[in-house]
There are 2 protein chains.
Amino acid sequence: MTRKKAGGHGPTIFDVARAAGVSYSTVSRIANNYEFVKPTTRERVEAAMRELGYVANVQARSLAGGRSQVIGLLVYDLASSYLVEIVRGIDDELSQLDYDLMLSTTHRRKHKEASVVSRLAQGVVDGLLIVLPRNLEAYVADLSQQHFPYVLIDYTGGDRASNAVRATNRVGGQAATDYLVGLGHRRIGCITGPLSVGCAQERLDGYAAALQAHGLAYDPALVVDGDFLEPSGHTALRTLLTLDQPPTAIFASSDSMAIGAIRAAAEAGLRIPADLSIIGFDDIPEAAADAVALTTIRQPLQEMGRIAVRLLIEHIENPDLPSSHIELPTRLIERNSCAPYRAG
Amino acid sequence: MTRKKAGGHGPTIFDVARAAGVSYSTVSRIANNYEFVKPTTRERVEAAMRELGYVANVQARSLAGGRSQVIGLLVYDLASSYLVEIVRGIDDELSQLDYDLMLSTTHRRKHKEASVVSRLAQGVVDGLLIVLPRNLEAYVADLSQQHFPYVLIDYTGGDRASNAVRATNRVGGQAATDYLVGLGHRRIGCITGPLSVGCAQERLDGYAAALQAHGLAYDPALVVDGDFLEPSGHTALRTLLTLDQPPTAIFASSDSMAIGAIRAAAEAGLRIPADLSIIGFDDIPEAAADAVALTTIRQPLQEMGRIAVRLLIEHIENPDLPSSHIELPTRLIERNSCAPYRAG
DNA sequence: GTCCACTTTGCAAGCGCTTGCAAAGCGGGC
DNA sequence: GCCCGCTTTGCAAGCGCTTGCAAAGTGGAC
C-alpha cells in the first residue's frame, strides 16, 4: 500500500501547457474539442501533446466530471457460446467507436451484482450493457433514477423505461415448430430453457401457438425442462424417449441443448435425422460445426451486441433521448438435423 | 459535455464519516484495512458504510494513489476459442480474488496497442495480462521500466525480465508426432501455425525433433503453413493431398486447423481415422464436440489464465518479486481421429 | 477614436480519495 | 502520580483533470 502509483510517470496536462506556453485549461479544452480555441493555439498545443506523448489520465478526467470512454458489460459468465457471440459483436462495434470495454461477470453471486453496478455507475464507465437473464429490476431501477445510460440485452420483461435489444423469441419458437409440422411431424417434443427466464418462456409459447395453429394438442408429457446447457438437453431427450409414444421431432430451446439431445439420441441408437428430427435455437458456431449440422433458429447474436452498443452510445451522448426497445428478427437456418416424418 | 457525472449520487467517504462520527481519514483507513484502528470504531464505521450503501469511488481512489482493483487484459481479438478459454480461466480466478477485468482487444491495429497500454498503465488497472503473439517488445520495455506489473501469456521470446506463462509447445509437438509414429505412420504431414509466432515455430521444432529421433527424414513438402484458423487447415490438407505420396497422418498445430483438415478430408472421400489420422493441438471445446472426436495435445488454457492471474497479483502486491517464467505441461488426449497405419 | 459583442484564455475550485505528519489517548512501570 | 512509548485519530496536501466565471483580446460599426 505504500507503493506510489506508476501513473506519476507520464506527462500531465501541466507539462503540455508549459511546453506550449498556454494555461492548463486551454490544454484541457483542446483535449476535449472545445470549439472556441484559436487555430494556431490548437496546433501548438497538439504539437506539444504529440511531442511529449501525452495521454490523458482517465481517472482524473472521469473524477472531474468528464467521460471515461469505457463502457461496462455485465454478464452471467462466459460459459456459453451464446454469450461469447454477443460479446464479440459488442467488442467489435466498441472498438470502432473508440471505447473500451470493461467486462464483469457476476457468476451467479446475486449479491455482488448490485455493488458492481453501483461502482461502475459511479463513473468507472459511461454506460452499461447488461446481459443477465433475471431479477435485475432492483438496480435497473437505480440506474434509471440516476439517469445512467444502460441497455438490456436479451432480457424479457423489462419495463418500458429501459433500453433493450432482443430477438423475436416467440416468433422463432413458432417458426421452429411450424417447420417440424410442415415436415409431417405430429408428435413434437420441446426441451425448454429455464422458464423463469423470459425468452425461454416465449419460445415455449411460440411452440404452443404453432401446435394450436395446426390443430395439434399440447401434450405436457412432451415438454421437458432444461437449463439451456448441453447436459440438460441430453437428460431431457432420455426422458422423452421413455415415453410410450416418443416424439418423432424435437424443438430444443437452445443449440447447446439440441447438441446434447443429438448425443443422447445417438447413444440410444437413433439416427438423426432419419429416426428423429431435432431443431435448435441460437445458431451458435458449434451448431454448424457439429457432426450432424444442426437446423436451427438463428438469433443475430453479434448483431444484437452491435446494436446494443450503438443504442447505448447514442444515449450516452444524448441523455434525454427516449428509451427504445429493439427486436431483431430470428431466421430459420436449414441444415441436416431434420427430415420429413416417416411412419413407423 | 455539460452533463454532470452521475457519480454525484452515492454517499462519499465524508458522508460515512459524518454518520459514524469520525474523520474521513479514519473511514479511508478502515476501507483499506489499515491495522491500527480501534475495533469499536471499525465496527461503527462499517455499520455506517453498510447502512449508507457506501461504495468506494474507484477513480478517486486510484487517482489518489490507491489501487483500482482492476486488471487489464490485452488480447488480439475474441475470434478463436483458444482465447476464449484463456479468458475464462482469467475471469474465473479474478472473480474469486475480487478484482475486475478490463478487456481490450487490439484488432490487429498495431498502432493502438501502445496508447492503450500507456493509458491503462496510468492507473486504470493495477496490472496487465497480455496475450498477443508478437512484437510487443516496445511497450513491454516501457512497462518494465515503469515497474508496472504485467504477465505475458503464451508468448515465446520474451526476455527474462518479463513474467510469462506458457505451455510446453515443443514437447507437445514432439509428443504428437511420436504418437503418430508409434501408430506406425511414416509419412506424417504437418500443418503449422504462422511461424513468426513463437509457439508455432516451437511446435514445428517438436515435430522435426520427433522425426529425427525416429530416424525419419524431414520432408519439406509435407510441411504446409497455416495461420491457426480453420480455413487454413482446410486449404493445407488439400495441398497435402495433391502430393504424389500423400501423408497417412497429419499433425495440425491447432485444433481449429485440424477440424478444417478433417472437413477437407471428408470432402475428398477419406475416412477419419481409417484412411487418414489427424492430431490437433490445444484441446478447445470443439475438439471433443466434433463429429470425429479429435485426438489432440491439450494445452491447459484455462489453467494458464488462472496461473497468470495469480502471478500478476503476487507481483502487484509485492512489486519487488523477481519475475518468473512458468511453463505448463501439455498432455496427449486420445480420441477417435487417429488409427494405426494400414499399408495401402 | 470609442464602444460593444464576440472570441479566446486564465484562474480557482472541486471531483473523492490516500497518506505523511502530528496531535491526542491510553496503559504500564516506576 | 508522572512519564514514556505505543496505539488511534485528525488535518492538510495533493493525485490530474473539468468547467464556471471573469479577464483579456479582437474587430467592426459608428
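Nothing here was measured: the structure is a model prediction, and the numbers come from that model.
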Can you measure [X] atom [atom1] to [N] atom [atom2] for me and round it to whole angstrom units?
X	N	atom1	atom2	value
Phe36(A)	dG10(C)	CZ	P	17 Å
Gln59(A)	dT18(D)	CD	C1'	15 Å
Asn57(A)	dC15(D)	CG	C1'	8 Å
Asn32(B)	dG20(C)	CG	P	12 Å
Arg67(A)	dT18(D)	CZ	C1'	13 Å
Leu63(B)	dC15(D)	CG	P	9 Å
Tyr34(B)	dG10(D)	OH	P	13 Å
Phe14(B)	dG16(C)	CZ	P	9 Å

Does some side-chain heavy atom of [Y] sit less than 4.5 Å from a side-chain heavy atom of [X]?
X	Y	answer
Val116(B)	Thr106(B)	no
Leu143(B)	Ile130(B)	yes
Leu311(B)	Ile326(B)	yes

For Glu317(A), I'd like to know if atom CD has over 12 heavy atoms of other residues, nucleotides or ligands within 6.0 Å.
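Buried by this count: over 12 neighbours within 6.0 Å.
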State, to the nearest 10°, the angle formed by the axis through the first five base pairs of the helix from dG1(C)-dC30(D) to dC30(C)-dG1(D) and the axis through its last five.
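The helix from dG1(C)-dC30(D) to dC30(C)-dG1(D) shows an end-to-end axis angle of 50°.
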[X] side chain to [Y] main-chain N or O, any donor-acceptor pair under 3.5 Å?
X	Y	value
Asp126(B)	Arg67(B)	no
Asp154(B)	Arg166(B)	no
Asn163(B)	Tyr150(B)	yes

List in numerical order all residues of residues 37-44 of chain B for which some heavy atom is under 4.0 Å away from an atom belonging to DNA chain D.
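Residues of residues 37-44 of chain B that come under 4.0 Å of DNA chain D are, in numerical order, Val37(B), Lys38(B), Thr41(B).
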State which residues pass side-chain hydrogen bond (donor to acceptor under 3.5 Å, both in side chains) with Arg119(A); sequence neighbours excluded, sorted by chain then number.
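For Arg119(A), the residues satisfying side-chain hydrogen bond (donor to acceptor under 3.5 Å, both in side chains) (neighbours in sequence not counted) are Asp100(B).
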Pairing residues for Asp91(B) by the side-chain hydrogen bond (donor to acceptor under 3.5 Å, both in side chains) criterion, not counting sequence neighbours:
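Result, side-chain hydrogen bond (donor to acceptor under 3.5 Å, both in side chains) vs Asp91(B): Thr105(A), His107(A).
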Test item: side-chain donor near acceptor, Gln59(A) and Gln59(B), under 3.5 Å:
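No, no side-chain donor-acceptor pair sits under 3.5 Å.
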Going by the rule ring pair (Phe, Tyr, Trp, His ring centres under 6.0 Å), which residues pair with Tyr54(B) if we only count those two or more places apart in sequence or in a different chain?
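With sequence neighbours excluded, Tyr54(B) shows a ring pair (Phe, Tyr, Trp, His ring centres under 6.0 Å) to no residue whatsoever.
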What residues from residues 17-31 of chain A pass a heavy-atom cutoff of under 4.0 Å to DNA chain C?
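Only Val22(A), Ser23(A), Tyr24(A), Ser25(A), Thr26(A), Arg29(A) qualify.
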Using a cut-off of strictly less than 4.0 Å, decide whether Arg61(B) has a side-chain nitrogen or oxygen near OP1 or OP2 of dG16(C).
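For dG16(C), neither OP1 nor OP2 has a side-chain N or O of Arg61(B) closer than 4.0 Å.
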